[in-house]
Each structure stands twice: as C-alpha cells, then as structure tokens.
Amino acid sequence: MRSDHIYDDSTFETFFANPPEGIEMEALDRSRIPRHISCIMDGNGRWATARGMNRGEGHKAGIVSLREIITACVRLGVEVLSAYAFSTENWKRPAAEVNLLMHLFAQTFVDELPLLKRENVRVVFLGDLSALPKRTRDVFEYGLAETSGHTGMVLALAVNYGARAELARAARLLAQDALAGKIDPCDIDEDAVASRLYTAGLPDPELIIRTSGELRLSNYLLWQAAYSEFYITRTYWPDFNRWELIDAILAFQGRDRRFGGVHNREVS
Ligand code: IPE
Ligand code: IPE
Ligand code: MG
C-alpha cells in the first residue's frame with residue numbers, strides 16, 4: 001500500500017489536470033484557499049461493508065485517501081490540514097478494531113515519514129498520546145521531532161482527541177497556573193483558553209469537511225469550530241478525493257461569512 005502519492009513531482013497544474021465533468025477548476029480562486037482545512041474522516045467501515053470487506057480494509061483504504069488529500073492541500077498552499085483519526089470515544093469499539101487502527105497509524109507513519117519530510121510538512125498531534133500503545137506513541141513522537149523544523153504545511157492529526165477532554169485539560173492548566181500565581185483568574189480571556197488547547201498557535205479551521213453524510217461534530221474542535229464553514233458529503237472517506245476537495249473549497253468560496261456582522265454585500 002506504500003505509494004509515492006505524498007511526494008511526487010507534480011505541480012498544482014499537473015496534480016489538478018483533467019478534472020472530471022462537473023468540477024470547474026477555472027472557478028477556483030487560488031487567492032482565497034482556506035488557511036486551515038479540517039477533515040472528519042468518516043465512513044471507512046460502511047465503505048468496506050458495502051463491498052463485502054471487513055472494516056479494517058476500509059481503514060486501509062482511508063489512509064490512501066488521506067495521502068491524496070495531504071498532497072492536494074500542499075499543492076493548494078493550505079497552511080494547516082487537520083484530520084480526525086481517532087476520538088476519545090472510539091475506544092468503545094471492539095478491541096480488534098482499535099488494535100488494528102493503532103497498528104495502522106504506526107505503520108503508515110513509518111512508511112510515509114520520508115515523504116512528509118520531502119514535502120516539508122510539519123506534523124503535530126491533537127489529543128492525548130499518553131494513552132496510545134507504546135509503539136504508536138514512540139513513532140508519533142519521533143515524527144513530531146523529525147518534522148518540527150519544517151516550514152511547509154502543518155498536518156495536525158487528531159488521535160485520541162476529544163474536544164471536551166481538550167477543554168477540561170485547558171481548564172486544568174489554567175487552574176494550575178492560577179494556583180502557581182502565574183495568571184490572575186480575572187485575566188483569563190479567550191486567548192488564555194485558546195493557548196492551552198492542543199491547537200495553540202494554529203489558525204481556527206475555516207472549512208470543516210465531514211464525509212459519510214453524518215450531520216454532527218462527534219466531539220471534534222468544539223471551541224475552534226465557532227465560525228467554521230461546514231461541508232458535508234455523503235461520500236465515504238475512502239472515496240473522497242482531490243476533486244471532491246475542490247468541490248468543498250468552491251462551496252466555501254461561495255459562502256458569505258459574516259462572523260456576526262452584516263452581510264458582505266451591504267458593507268460599502
Ligand atoms: C472513520 O470511519 C474512521 C474512524 C473513526 C477511525 P468509521 O470507522 O467511523 O466508519 P463508519 O462510520 O463505521 O462507516
Ligand atoms: C468521528 O467518527 C471520529 C473520527 C472520524 C475519527 P465516528 O464514526 O466515531 O463518529 P460517530 O460515532 O458516528 O458520531
Ligand atoms: Mg463513523
């Protein structure tokens with residue numbers, strides 16, 4: 001399953017050459033690509049079941065999609081791509097599936113790290129890695145250190161991530177700092193909270209894509225998604241590709257983002 005998809009000699013033009021019918025590449029405004037795109041990669045299991053395969057095959061196919069979307073985002077000049085890979089609630093799944101996922105995470109990361117390095121991608125993790133099996137954690141921490149000096153796209157992988165756990169952790173960190181006299185409780189503002197989230201230093205996602213048609217956040221980026229635009233597609237994650245990503249960005253570019261203000265066209 002190893003592939004050269006992440007690092008290839010493609011340019012924006014060659015990577016996005018020959019769009020299928022219905023995808024209007026000319027309509028894409030390359031000066032208005034979302035800075036941070038986030039994917040809730042859902043539907044791997046149903047994709048596999050629909051093909052008479054076991055769920056694990058769906059997860060393997062999902063990795064191939066992620067590779068394609070990483071390359072696509074690098075070519076588009078996206079600053080941050082985040083991807084929800086495993087939630088704090090996903091531990092409820094059968095042990096065999098959890099174990100397979102943890103193994104796949106480690107193996108894929110080992111396989112793809114050289115390619116991520118050649119693409120100058122900086123990897124960060126959102127979530128509590130301490131609960132992961134040692135090998136997965138070690139591989140992740142190695143990748144984190146190996147790419148920490150990279151200046152290209154940030155790839156934020158949400159693994160053992162839950163937004164409520166993240167917010168509770170931020171509250172804990174703030175309380176500790178207050179007890180230590182480092183911060184006055186009266187000074188706790190939005191920046192103080194944001195800087196204690198796993199996403200500290202990253203822009204909020206402008207576009208959140210969820211595959212497989214589910215209309216929910218499933219405990220993902222509750223704080224950061226305050227003003228995100230959502231794109232929901234019925235496509236299962238293993239079938240999600242560069243063209244549907246373009247479709248999502250085109251939809252984003254057609255939205256009127258008000259941030260609580262007035263309609264853009266009313267501002268003179
Ligand atoms: C998303 O696909 C991947 C993970 C949560 C790890 P699912 O495994 O949730 O697939 P469905 O939703 O059951 O089809
Ligand atoms: C959300 O998908 C988590 C990930 C994609 C990793 P789930 O499949 O776990 O979400 P629910 O259970 O349908 O809400
Ligand atoms: Mg699911």
Side-chain angles (χ1 to χ4, degrees), residues 1 36-70 73 80-109 111-112 123-133 135-137 139-140 155-168 197-199 202 205 207-225 228-241 244-245 248:
M1 282 264 265
H36 179 173
I37 297 179
S38 196
C39 296
I40 301 177
M41 308 184 288
D42 200 11
N44 293 349
R46 280 164 284 169
W47 180 90
T49 305
R51 282 164 179 72
M53 291 151 56
N54 65 46
R55 294 175 56 85
E57 295 305 315
H59 296 314
K60 288 182 193 160
I63 288 166
V64 179
S65 285
L66 180 57
R67 278 195 197 113
E68 176 163 336
I69 297 311
I70 291 170
C73 286
V80 182
L81 168 67
S82 52
Y84 203 6
F86 193 89
S87 75
T88 46
E89 289 73 34
N90 287 149
W91 297 106
K92 293 180 200 157
R93 296 188 179 197
E97 182 172 348
V98 170
N99 292 341
L100 176 77
L101 281 166
M102 292 300 152
H103 167 75
L104 279 177
F105 292 154
Q107 197 52 49
T108 307
F109 207 70
D111 289 347
E112 306 300 345
V123 181
V124 299
F125 289 93
L126 315 179
D128 177 12
L129 299 189
S130 72
L132 304 184
R135 176 170 145 75
T136 307
R137 195 175 66 232
V139 164
F140 282 179
L155 174 64
L157 296 170
V159 184
N160 191 24
Y161 174 85
R164 288 182 171 181
E166 177 184 45
L167 287 163
L197 301 177
Y198 291 118
T199 49
L202 303 178
L207 172 62
I208 296 181
I209 296 168
R210 183 164 188 155
T211 55
S212 89
E214 306 300 349
L215 302 172
R216 55 179 172 263
L217 271 175
S218 301
N219 201 13
Y220 191 51
L221 302 182
L222 296 182
W223 172 282
Q224 300 88 336
S228 303
E229 295 294 330
F230 290 91
Y231 177 89
I232 313 278
T233 171
R234 296 182 83 87
T235 304
Y236 294 140
W237 178 254
D239 286 330
F240 191 80
N241 61 20
E244 195 152 354
L245 176 70

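All ligand and atom numbering here is 1-based and tracks the order in the structure. Please read these numbers as outputs of a predicted model, since none were measured by experiment.
- A donor-acceptor contact shorter than 3.5 Å is absent between the side chain of R55 and the backbone of A48.
- Looking at residues two or more places apart in sequence or on another chain, you find a side chain to side chain contact (heavy atoms under 4.5 Å, CB included) between N99 and A95.
- Of the candidates L167, L221, L126, L197 forms a side chain to side chain contact (heavy atoms under 4.5 Å, CB included) with just one, namely L167.
- Using the six-membered ring where Trp is involved, Y161 and Y84 have ring planes that are perpendicular, over 60° apart on the 30 and 60° scheme.
- Note on the Mg ion (ligand 3): protein N/O/S atoms under 2.8 Å are D42 OD1.
- Every protein residue with a heavy atom nearer than 4.0 Å to ligand 2 is included here: I40, M41, D42, Y84, A85, F86, N90, R93, R210, R216, S218.
- Residue F105 is tested with L132, I63, T136 for a side chain to side chain contact (heavy atoms under 4.5 Å, CB included); the sole match is T136.
- If you check the side chains of D111 and T108, you find no donor sitting under 3.5 Å from an acceptor.
- When all heavy atoms are compared, the tightest approach of G58 to P238 is O-CG, 3.7 Å.
- When the ring pair (Phe, Tyr, Trp, His ring centres under 6.0 Å) test is applied to W223, no partner is found at least two apart in sequence or on another chain.
- At least one donor-acceptor pair closer than 3.5 Å links the side chain of T211 to the backbone N or O of D42.
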